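These numbers were taken from a predicted model, which means no experiment stands behind them. Both ligands and their constituent atoms are indexed starting at 1 by order of listing.
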Amino acid sequence: MSDAMTTNLFDLTGKVAIVTGASRGLGQYFARALAGAGADLLITSRQLSSLSIFQSELVTSGCRAVPLELDVTEYGSIENMASAAFDAFGKIDILVNNAGCNIRKPALDITWEEWNTVLDTNLRGPFFVAQAVARHMIPQQSGRIINIGSVTSVAGYAGLGPYCASRGGIKQLTMSLADDWGRHGVTVNCLAPGWFKTKQNEVLYEDPEWVEYLVDRIPLKRPGEPHDLDGALLFLASDASQYVTGQTLLVDGGISTGATRATRK
Ligand SMILES: NC(=O)c1ccc[n+]([C@@H]2O[C@H](COP(=O)([O-])OP(=O)(O)OC[C@H]3O[C@@H](n4cnc5c(N)ncnc54)[C@H](O)[C@@H]3O)[C@@H](O)[C@H]2O)c1
Ligand SMILES: O=C(O)[C@H](O)[C@@H](O)[C@H](O)[C@H](O)CO
């Protein structure tokens, strides 16, 4: 019998995970899934107070959870977070680079500042968070970095120019970092969700016609639910993916099979 049949490849007992942007949305679900698999958690937000209820929930569930302040657009904030994270548990095994934002506007209306806000948050930030955390993972000769991408890592949508550029960039960045740090036992992969209703995009779901159009384009015929991401997250965070690096895993109900379709079914 192979070892895989006698051990739980997805078990994260004793592992320490950082989830950025964990005060709400997918970040909270990622943290819950990692805690459910046994990991201790470092949850970050720009405002520590926004983490207190969620920290209590994690602690009540038996997880050791520490809140940390992080603004991914500030280099000093990233450095402080990474060293505080390491000090909290003496190691960092998993990073989920989740914090992100979107400005949804026709390309002609995007300002210089808006471009910078999206790219600084979604691409420059995750790069420097990964760098700061890898400085702790490399001496350990192990680590799992999971960058959050999107279906827009592989497809372009009108009105999402800076966002698509940032998510395409994170896919390429994932491959570059995987090549850089693989020799040190650190894997870097990208988890790319499709369409999930959260604070970032809830306004879109207020329009039933848009929802109908969206669902029509999704082969599995529904938007994602956060728990749809659990399996892929735990795969990329655990020993189950020990020989997987540089990959982008789309969890999107199949919408990336075609950004648009000529006929409606
Ligand atoms: N919801 C979706 O359909 C979807 C699909 C694909 C990818 N994503 C990505 O998943 C991630 C989570 O998004 P969500 O849908 O939960 O949206 P959300 O807006 O609820 O969560 C985003 C989180 O990032 C944090 N954040 C924003 N700017 C930050 C900064 N400068 N520093 C630190 N934290 C910051 C926010 O405070 C929030 O906690 C984002 O990167 C998003 O782009 C979402
Ligand atoms: O704010 C938005 O317009 C959405 O949240 C997008 O980010 C998509 O949901 C997602 O990225 C597609 O994968």
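Numbered from 1 in the order shown, with element, the atoms of ligand 1 that lie under 4.0 Å from a heavy atom of Trp195 read 3 (O). With ligand atoms numbered from 1 in the order given, ligand 1 contributes 16 (O), 20 (O) to contacts under 4.0 Å with heavy atoms of Gly25. Taking every non-hydrogen atom of Ser23 and a distance limit under 4.0 Å, the qualifying atoms of ligand 1 come out as 39 (O). Counting atoms of ligand 1 from 1 in the listed order, those under 4.0 Å from a heavy atom of Asn98 are 10 (O), 11 (C), 12 (C), 40 (C), 41 (O). Distances below 4.0 Å separate heavy atoms of Gly149 from the following atoms of ligand 1: 6 (C), 7 (C). Of all the atoms in ligand 1, the ones that sit under 4.0 Å from a non-hydrogen atom of Asn201 are 1 (N), 2 (C), 3 (O). Each of the following atoms of ligand 1 lies closer than 4.0 Å to a heavy atom of Thr73: 31 (N). Remark: ligand 2 atoms within the under-4.0 Å shell around heavy atoms of Leu160 are 3 (O).
Side-chain atoms of Gln141 never come within 3.5 Å of backbone atoms of Gly185 as a donor-acceptor pair (strictly under, hydrogens ignored). At least one donor-acceptor pair under 3.5 Å links the side chain of Gln247 to the backbone N or O of Thr245. The closest donor-acceptor contact from the side chain of Arg222 to the backbone of Ile218 lies at 3.5 Å or more, if one exists at all. Under the 3.5 Å distance criterion, the side-chain polar atoms of Asp120 are left unmatched by any main-chain donor or acceptor of Arg124.
For the pair Leu160/Arg104, a side-chain contact is recorded, criterion being any heavy-atom separation below 4.5 Å from C-beta on. Looking at heavy atoms from C-beta onward, Pro67 lies in side-chain contact with Leu48 at the 4.5 angstrom threshold. The side-chain heavy atoms of Val151 and Pro193, taken from C-beta on, include no pair separated by under 4.5 Å. Thr187 is not listed as a side-chain neighbour of Ile145, based on a closest heavy-atom distance of 4.5 Å or more. Two residues are said to be in side-chain contact when any heavy atoms from C-beta on lie closer than 4.5 Å; Gln200 and Tyr163 meet this criterion. Put simply, the side chain of Ile138 reaches to within 4.5 Å of the side chain of Val186, judged on heavy atoms.
Under a cut-off of 6.0 angstrom, the local environment of CD in Gln140 is crowded, with over 12 non-hydrogen atoms contributed by other residues, nucleotides or ligands. Atom CZ of Phe196 sits in a crowded spot, with more than 12 heavy atoms from other residues, nucleotides or ligands closer than 6.0 Å.
Scanning the protein heavy atoms around atom 31 (N) of ligand 1, the nearest turns out to be Asp71 OD1, 3.0 Å. The protein heavy-atom contact nearest to atom 33 (C) of ligand 1 is Leu70 O, 3.3 Å. In this structure, the protein non-hydrogen atom closest to atom 9 (O) of ligand 2 is Trp195 CE3, 3.2 Å. Regarding atom 5 (C) of ligand 1, its nearest protein heavy-atom neighbour is Gly194 O, 3.0 Å. The protein atom (non-hydrogen) at minimum distance from atom 8 (N) of ligand 1 is Tyr163 OH, 3.5 Å. Among protein heavy atoms, atom 24 (O) of ligand 1 sits closest to Gly100 N, 3.3 Å. Closest to atom 5 (O) of ligand 2 among all protein heavy atoms lies Asn201 ND2, 2.8 Å. Scanning the protein heavy atoms around atom 18 (P) of ligand 1, the nearest turns out to be Arg24 NE, 3.5 Å. With hydrogens left out, the protein atom closest to atom 15 (O) of ligand 1 is Thr198 OG1, 2.5 Å, a heavy atom. Of the protein's heavy atoms, Val72 N, 3.0 Å lies nearest to atom 32 (N) of ligand 1.
Lys91 and Asp40 are not joined by a salt bridge, as no carboxylate oxygen comes within less than 4.0 angstrom of a charged side-chain nitrogen.
For the pair Phe196 and ligand 2, the shortest N or O to N or O distance does not fall below 3.5 Å. For ligand 2, the polar-atom distance check against Gln200 finds a nitrogen or oxygen pair separated by under 3.5 Å. The shortest N/O to N/O separation between Val151 and ligand 2 falls below 3.5 Å. Taking distance alone, with nitrogen or oxygen atoms compared against 3.5 Å, Ser150 approaches ligand 2 more closely than that limit. In terms of polar-atom proximity, defined here as any N/O pair under 3.5 Å, Pro193 makes no such contact with ligand 1.
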| request: In sequence, state the C-alpha distance, the side-chain angles, and the governing distance for Trp195 and Tyr157, and then conclude on ring-ring contact (aromatic ring centres under 6.0 Å, His included). | output: CA-CA 12 Å; Trp195 290 86; Tyr157 292 121; 5.5 Å; yes
| Does the pair Lys171 and Thr152 meet the rule for a side-chain contact (heavy atoms from CB on, under 4.5 Å), with working shown? | CA-CA 10 Å; Lys171 176 174 180 287; Thr152 60; over 6 Å; no
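Under 4.0 angstrom from ligand 1, the non-hydrogen atoms of Phe196 come from both its backbone and its side chain. Within the 4.0 Å heavy-atom criterion, neither part of Asp252 lies near ligand 2. Within the 4.0 Å heavy-atom criterion, both parts of Leu26, backbone and side chain, lie near ligand 1. With a heavy-atom cut-off of 4.0 Å, Asn102 touches ligand 2 through its side chain alone. Looking at Arg104 against ligand 2, only its side chain comes within 4.0 Å, counting heavy atoms. Using a 4.0 Å cut-off between heavy atoms, Ile148 contacts ligand 1 through its side chain alone, with no backbone atom that close. With a 4.0 Å cut-off on non-hydrogen atoms, Pro193 touches ligand 2 through its backbone and not its side chain.
Atom CH2 in Trp115 sits 8.5 Å away from atom OG in Ser166 (nearest 0.5 Å). Residue Glu74 holds its CD atom at 10.5 Å from CZ of Arg46, rounded to the nearest 0.5 Å. The distance from the CD1 atom of Ile170 to the CD1 atom of Ile148 is 9.0 Å, given to the nearest 0.5 Å.
Exactly one of Thr257, Ile255, Leu191, Val154 qualifies for a side-chain contact (heavy atoms from CB on, under 4.5 Å) with Leu250. That residue is Val154.
Residue-ligand proximity: Cys101 is placed with every non-hydrogen atom at 4.0 Å or more from ligand 1. In this structure, Arg167 counts as a contact residue of ligand 1, since one of its heavy atoms falls inside 4.0 Å of the ligand. Distances shorter than 4.0 angstrom do not occur between any heavy atom of Gly125 and any atom of ligand 1.
Evaluated by nearest non-hydrogen atom to atom 13 (O) of ligand 1, the leading choice among Gln28, Arg46, Glu69, Gln200 is Gln200.
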